[in-house]
Amino acid sequence: MVSASIVGVLAGLILAPLLGGIINRVKALFAGRSGQPLLQPYRDIAKLLRKGAVFSTTTGEMFGVGPAIGVAAGVVGLTLLPLGGSRAPVAFSGDFLLLLGLLALARFCIVLAALDTGSAFEGMGASREVAFSALAEPAMLLAVGALVRATDAQSLSAAVGAVWKQVWQPSMPAAVLVAAALAVVLLCENARIPFDDPNTHLELTMIHEVMVLDHSGPDFGLVLYGGALKLWIFSALLAGVLVPVRCGSPWLDAVATVIGTFCVAAGGGAVESTMARLRLVRVPQLLVGAAVMAALAVLLVR
Amino acid sequence: MGWEIDPILVTLVLVNLLLLGGSRLVTCIRLVAVQGVLLGILALLVQVGWSPTRAVLLAGGSVLLKGVVFPRLLSRALRGAEIRREMEPYVGYTPSVLLGLAMLALTVWVSSRLTLPLPAASHLLVPVALFTTLTGLFLIVARRKAITQVLGYLVLENGIVTFGIALSHEAPLSVELGVLLDVFVAILVMGIIVHNIREDFDHIDTDRLASLKD
Amino acid sequence: MTLVLLAIGVLVATGVAALPVRCGTRAGTVTAAGAVGAATLVVGPALRAMLGASLPGIKRVWSVPLGTFSLGIDALTGVFLLIIVTIGALGAVYGVPYLTRTAPGRRLGVPWCMYNLLLASMLVVVTARDGVLFLVAWEVMSLASFFLVTFDDRTEEVREAGWTYLLATHIGTAFLLAMFLLIAEGGPLSLEAQVVRPTPLASVAFVLALVGFGTKAGFWPLHVWLPQAHPAAPSHVSAVMSGVMLKMGVYGLLRVLPLLGPPAVWWGWVLVGVGAVSGVGGVLFALAQHDLKRLLAYHSVENLGLIALGLGLGTLGLASNLPVMAALGFAGALLHVVNHAIFKSLLFFGAGAVVAATGTRDLDQLAGLGRRMPVTARTFLVGSAAISGLPPLNGFVSELLIFLAALAGISERTAGVVAPAAAVLAALGLIGGLAAACFAKAYGVSFLGEPRQPLAAHDPAPPMRRVMVLLAALCALIGLGGAWVVPGLTAAVATLVRVPFLELQPVLGGDVGRILAAVGALGAFFWVLVLVLLRLRKAVLGEREVGASPTWDCGYAAPSPRMQYTASSFAQPLVELFRGVLHTHHDVAPPHGIFPRTARLATETPEVVEVGFLRPLFAAIARLAQRLHVLQHGRVQLYVLYLALALLALLVWQLGGGW
């Protein structure tokens with residue numbers, strides 16, 4: 001039991017950058033290109049970690065602390081993350097809030113690191129990032145509320161473990177709504193289309209990318225890795241809700257969920273290939289929509 | 001029983017919320033069409049004590065009229081009137097959606113207090129019916145254009161039909177078909193009026209009808 | 001109890017002793033010594049009371065009608081005693097060099113005397129066990145703080161803030177007076193928690209108490225005085241007012257609620273609603289502010305909202321017979337009282353340091369203070385993260401307790417509990433996200449980046465620095481050691497949930513203790529990871545080529561510090577999104593032509609309750625009063641006529657046998 005959960009954390013640490021590779025491959029597939037190698041994100045990170053760095057003369061200590069906190073928060077978050085029926089190494093009542101808090105902390109520090117450069121562009125990105133995530137938060141907490149209400153379980157591991165028996169089977173619509181809300185939050189928090197275009201080359205239109213424009217070398221490597229961990233956490237959570245495998249063996253459950261996580265990433269890639277980015281004014285409406293779906297799920301579950 | 005129709009009911013709710021948040025007229029017309037089709041399916045699935053002909057007739061009528069004919073008419077009116085393709089709300093889209101959620105919570109509470117003459121097919125049926133009715137009312141009240149008011153009436157009627165399905169023994173077929181016919185006529189009349197107003201005054205903003213009060 | 005009395009004596013004595021002192025610094029030193037002395041006297045009994053020891057009270061007959069001179073300490077009092085004396089003493093220590101710098105050469109005897117009087121009156125407020133004594137102390141507290149708010153009385157703005165405060169606090173007191181008269185039913189009123197009298201008028205009394213105490217606590221929409229008064233007062237006074245004095249409102253509610261008998265369910269709904277509205281409204285208005293201290297004042301509204309959410313869930317739990325939820329809600333509220341006292345005073349001290357160094361509170365003028373004031377910057381950062389409810393700091397721990405209470409509620413079956421619990425979840429999410437946005441703005445804009453204009457700021461004097469470091473350390477320690485702090489609140493929560501101490505021990509000591517231990521352990525793990533990563537980064541970068549260049553500016557050739565994002569631009573997306581609530585005024589002169597000369601943008605977010613509701617109300621009252629001027633015209637004959645008429649009316653009424 002313990003070994004499976006620890007392997008789950010290691011899997012997250014090792015496999016997280018792969019999700020970015022999968023998304024890029026799916027996008028290439030849709031576009032009819034051969035695309036970059038699946039392991040390209042690993043190469044990027046490894047190369048960045050080996051390089052030197054250039055620092056802006058404006059920046060201070062916050063600039064370097066931000067990426068490190070982002071990675072540390074992601075790693076600690078992984079210890080709370082169950083893989084489907086396979087419990088996390090640490091589970092306690094209310095651990096949802098700690099996981100969300102850690103991710104919020106990572107965001108807070110990256111935002112401050114961006115403001116530390118004094119650049120108007122990075123300020124703009126930071127401003128949009130905090131605005132959108134503030135609206136994503138209620139959706140996330142309401143989705144958690146629906147899960148808790150349906151499963152009567154107070155911890156992430158217990159709730160995700162019981163999700164098949166106690167949400168999908170008795171009230172399928174509620175489960176779909178929760179999954180949809182989680183998916184919207186995933187796309188928003190990880191700066192994917194339709195919220196933010198990771199491939200855009202115009203600083204004015206970027207959100208997440210523009211915040212880390214000035215990071216270079218190992219710092220940028222940490223930023224990328226922290227982002228990958230965050231994507232892993234959200235994807236594995238969504239996969240835990242979506243993948244119905246609960247066969248009793250934590251190993252099998254975990255493997256099924258990891259495969260599900262890859263599928264979620266592939267789905268993200270598909271969304272990215274087929275959708276355009278939303279106008280900025282529409283973004284809050286989509287997030288409010290996610291919150292409404294989650295609230296609806298709370299109402300539906302009995 | 002409940003688990004078969006629950007997805008449809010939840011989709012109905014979502015369609016209502018989308019209607020509240022939708023800004024483009026064409027999208028809203030399509031959404032109302034989707035709602036009509038959903039109602040048809042619902043009528044097929046809920047057939048406690050119905051004769052098959054009745055269910056098929058009702059479902060077919062609903063799908064045909066509300067899913068195909070009405071949207072066509074409305075789209076034509078829209079094209080004919082050459083109006084701006086937006087809803088022009090009095091109450092903003094996001095507040096409308098949040099209000100919708102509040103209305104939904106209210107209807108859930110109300111229907112938990114309501115004692116019905118016979119048990120509904122699903123615990124969601126009554127709140128969804130009430131919510132659809134309220135959504136229709138809200139659209140009539142909180143949107144500016146004449147055409148959106150027609151949409152509101154349609155949604156309102158959908159809610160009433162859902163309620164009829166919930167209490168299927170009570171409402172005879174003729175009543176339901178009569179309602180359908182009523183709405184059909186209403187849409188026709190509205191279409192003609194909208195068209196004529198547009199020809200005479202160049203716009204179909206009901207605000208400006210108020211200037212006729214003297 | 002004698003120690004507390006002694007402390008009150010010390011505070012009053014040193015305050016009075018400071019009155020005639022001509023030199024401001026010396027007056028401050030005398031009172032600060034008194035405050036620190038009082039703190040050392042009170043901490044012991046306060047801690048013992050918190051842990052459940054029953055300390056003897058004091059009861060004397062008093063010549064005031066309906067009153068007895070009755071003081072006591074229980075666990076609840078202990079919690080509040082602790083924050084009063086701690087923050088009070090730290091504020092005094094900070095205030096001496098602060099006032100020396102910001103108000104040089106002024107005679108400070110009166111303000112310092114008022115400061116100690118404020119602390120002493122708050123000590124009496126929380127120990128009073130008699131209604132009349134409570135109200136007297138309450139009034140002294142309000143007056144003392146009024147004199148502190150109007151410290152800078154040569155400014156028009158400050159005088160106005162003072163009057164608003166005085167008016168608001170007295171309206172609140174009027175409601176309290178009515179409430180006390182109602183529950184005392186004409187007799188003397190004891191505030192001992194054991195006296196439970198379920199009166200039919202309990203609900204009326206609850207509403208009166210909510211308005212009366214809510215005015216002090218700054219619940220929406222009774223908070224109007226708060227964003228005016230806090231920026232007007234000197235920073236150490238703002239810290240004490242925001243960190244401690246607002247909590248007297250919470251204390252009052254907690255003290256009076258048990259007197260009203262078993263609560264009704266809708267009390268919980270009202271409290272949750274008030275909490276959600278105060279929380280979201282407070283943080284939204286904070287986002288729209290440019291004035292650092294005004295921003296912090298609005299955040300007090302937000303945090304009191306969070307406390308009200310906890311109280312609401314607690315009350316709901318009591319009313320629906322869910323003791324675990326009640327315990328978690330009240331514990332969350334109480335812990336947030338303590339935590340808010342710590343990080344809010346820290347933030348006000350930080351803002352004070354900024355004001356002392358730069359002379360401005362305008363966020364749009366500030367930038368790049370971090371390198372010049374490293375200690376202030378770091379401690380302010382800790383406070384910012386803590387108030388945003390981010391782990392592993394103390395704000396997170398109290399939000400976690402409120403979250404747990406909401407989770408306990410949302411799994412219930414009755415809609416009357418589920419709906420408020422879901423509302424609390426949504427509100428917690430929104431408040432947390434917006435607060436993080438707001439403090440990213442407050443910290444990021446003022447301390448990071450490049451100064452907008454040449455600036456000779458530096459960290460404040462050592463005592464001020466030490467106070468800030470101590471508070472920041474407390475934030476971190478409570479964040480990690482919540483498992484040891486929360487069980488300390490068990491006794492206080494037990495009096496509120498009205499169950500024996502031992503019944504609550506397994507919940508708050510056992511279950512919650514384990515949860516918080518896990519949070520603490522993961523928090524420690526997090527800090528270790530961060531330190532390791534930073535050490536690695538330093539080692540790695542040390543042996544590589546590291547360059548320096550200006551910030552990437554997308555090819556623009558002549559960047560200047562004035563092009564940095566300002567606080568207003570940072571908050572713009574959210575302010576725009578919530579314009580329906582905020583009604584921000586924009587005064588824009590956009591640039592024209594190819595070579596634009598001047599362009600201007602000014603935004604102002606007025607207090608919507610004040611402008612939209614109170615001003616028209618008071619204008620209406622003033623118009624009404626104008627009409628009454630007819631009666632007041634200075635002719636003695638007519639005054640005599642009034643007298644005669646009044647006497648005649650009384651006579652008729654008396655002979656008629658009353659009503």
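A note on names: the letters A, B, ... follow the listed sequences, proteins ahead of strands, and every chain is numbered from 1.
Of the charged side-chain nitrogens involved, at least one lies within less than 4.0 Å of a carboxylate oxygen, so that C:Arg378 and A:Glu61 count as a salt-bridged pair.
Neither the backbone nor the side chain of A:Asp95 comes within contact range of chain C; no heavy atoms are under 4.5 Å apart. Contact of A:Asp116 with chain C is made through backbone and side chain together, with heavy-atom distances under 4.5 Å. For C:Leu577, the part lying under 4.5 angstrom from a heavy atom of chain A is the side chain only. For C:Val528, no part lies under 4.5 angstrom from a heavy atom of chain A. Looking at A:Ala136, neither its backbone nor its side chain comes within 4.5 Å of chain C, counting heavy atoms on both sides. Heavy-atom distances place both the backbone and the side chain of A:Val148 under 4.5 Å from chain C. When heavy atoms are compared at a cutoff of 4.5 Å, A:Ala73 approaches chain C by way of both its backbone and its side chain. Contact annotation for C:Glu450: both backbone and side-chain heavy atoms come within less than 4.5 Å of a heavy atom of chain A. In this structure, chain A has heavy atoms under 4.5 Å from both the backbone and the side chain of C:Val546. Within the 4.5 angstrom heavy-atom criterion, atoms from both the backbone and the side chain of A:Met124 approach chain C. For a residue to count as touching a neighbouring chain, one of its non-hydrogen atoms must lie under 4.5 Å from one of that chain's; by this rule A:Val65 touches chain C with backbone and side chain alike. Heavy atoms closer than 4.5 Å to chain A are found nowhere in C:Leu393, neither backbone nor side chain. Contacts of C:Glu543 with chain A are absent, with no heavy-atom separation under 4.5 Å from either backbone or side chain. Only the side chain of A:Leu213 has a heavy atom closer than 4.5 Å to any heavy atom of chain C. For chain A, the nearby part of C:Ser569 is the backbone; its heavy atoms alone come within less than 4.5 Å. Heavy atoms of A:Ala104 lying under 4.5 Å from chain C belong to its backbone as well as its side chain. With a threshold of 4.5 angstrom between heavy atoms, C:Phe403 approaches chain A through side-chain atoms but not through N, CA, C or O. For a residue to count as touching a neighbouring chain, one of its non-hydrogen atoms must lie under 4.5 Å from one of that chain's; by this rule C:Leu541 touches chain A with the side chain only.
Counting heavy atoms from C-beta outward, C:Pro550 and A:Thr58 have side chains that stay 4.5 Å or more apart. Between A:Met62 and C:Leu448, some side-chain heavy-atom pair lies under the 4.5 Å cut-off. Using a 4.5 Å heavy-atom threshold, the side chains of A:Leu97 and C:Leu428 count as separate. You'll find the side chain of A:Val76 reaches within 4.5 Å of the side chain of C:Leu529, heavy atoms only. Using a 4.5 Å cut-off on side-chain heavy atoms (C-beta onward), A:Thr79 and C:Leu522 make contact. Contact check for C:Met563 versus A:Ser119: no side-chain heavy atoms found under the 4.5 Å cut-off. The shortest side-chain heavy-atom distance between A:Val130 and C:Phe570 falls under the 4.5 Å cut-off. Two residues are said to be in side-chain contact when any heavy atoms from C-beta on lie closer than 4.5 Å; C:Gln572 and A:Arg128 fail this criterion.
Considering all non-hydrogen atoms of both residues, A:Leu115 and C:Ala440 come closest at CD1-O, 3.5 Å. C:Leu407 and A:Gln154 make their closest contact through O-NE2, 3.7 Å (heavy atoms, listed as atom of the first residue, atom of the second, distance). Contact record, A:Leu105 with C:Pro392: CD2-CD, 4.3 Å, taken as the closest heavy-atom pair. When every heavy atom of A:Phe108 is checked against every heavy atom of C:Ser384, the shortest pair comes out as CZ-CB, 4.3 Å. Closest heavy-atom contact between C:Arg371 and A:Thr57: NH2-O, 2.8 Å. Between C:Leu533 and A:Ala72, the shortest heavy-atom contact is CD1-N, 4.0 Å.
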- Message: Apply side chain to side chain contact (heavy atoms under 4.5 Å, CB included) to residues C:Val519 and A:Phe92 and explain how you reach the verdict.
- Response: CA-CA 9 Å; C:Val519 171; A:Phe92 52 87; 3.8 Å; yes

- Query: Could you walk me through whether A:Leu112 and C:Leu381 pass the side chain to side chain contact (heavy atoms under 4.5 Å, CB included) check?
  - Reply: CA-CA 10 Å; A:Leu112 289 186; C:Leu381 176 62; 3.4 Å; yes

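Of the listed residues (C:Val532, C:Val418, C:Leu287, C:Val512), the one with the most heavy-atom contacts under 4.5 Å to chain A is C:Val418. Interface check for chain C: of the options A:Val144, A:Asp152, A:Val111, the most heavy-atom pairs under 4.5 Å are formed by A:Asp152. The residue among C:Val540, C:Ile431, C:Leu401, C:Leu404 with the most heavy atom pairs within less than 4.5 Å of chain A is C:Leu404.
Distance OG/A:Ser93 to CG/C:Leu400: 9.5 Å, rounded to 0.5 Å. Rounded to the nearest 0.5 angstrom, C:Leu574 CG and A:Leu135 CG are separated by 6.5 Å. Here the CZ atom belonging to C:Arg537 is positioned 12.0 Å from the CG atom belonging to A:Leu49, to the nearest 0.5 angstrom.
Although no hydrogens or angles enter the test, the distance criterion places no donor-acceptor pair under 3.5 Å between the side chain of A:Arg149 and the main chain of C:Ser411.
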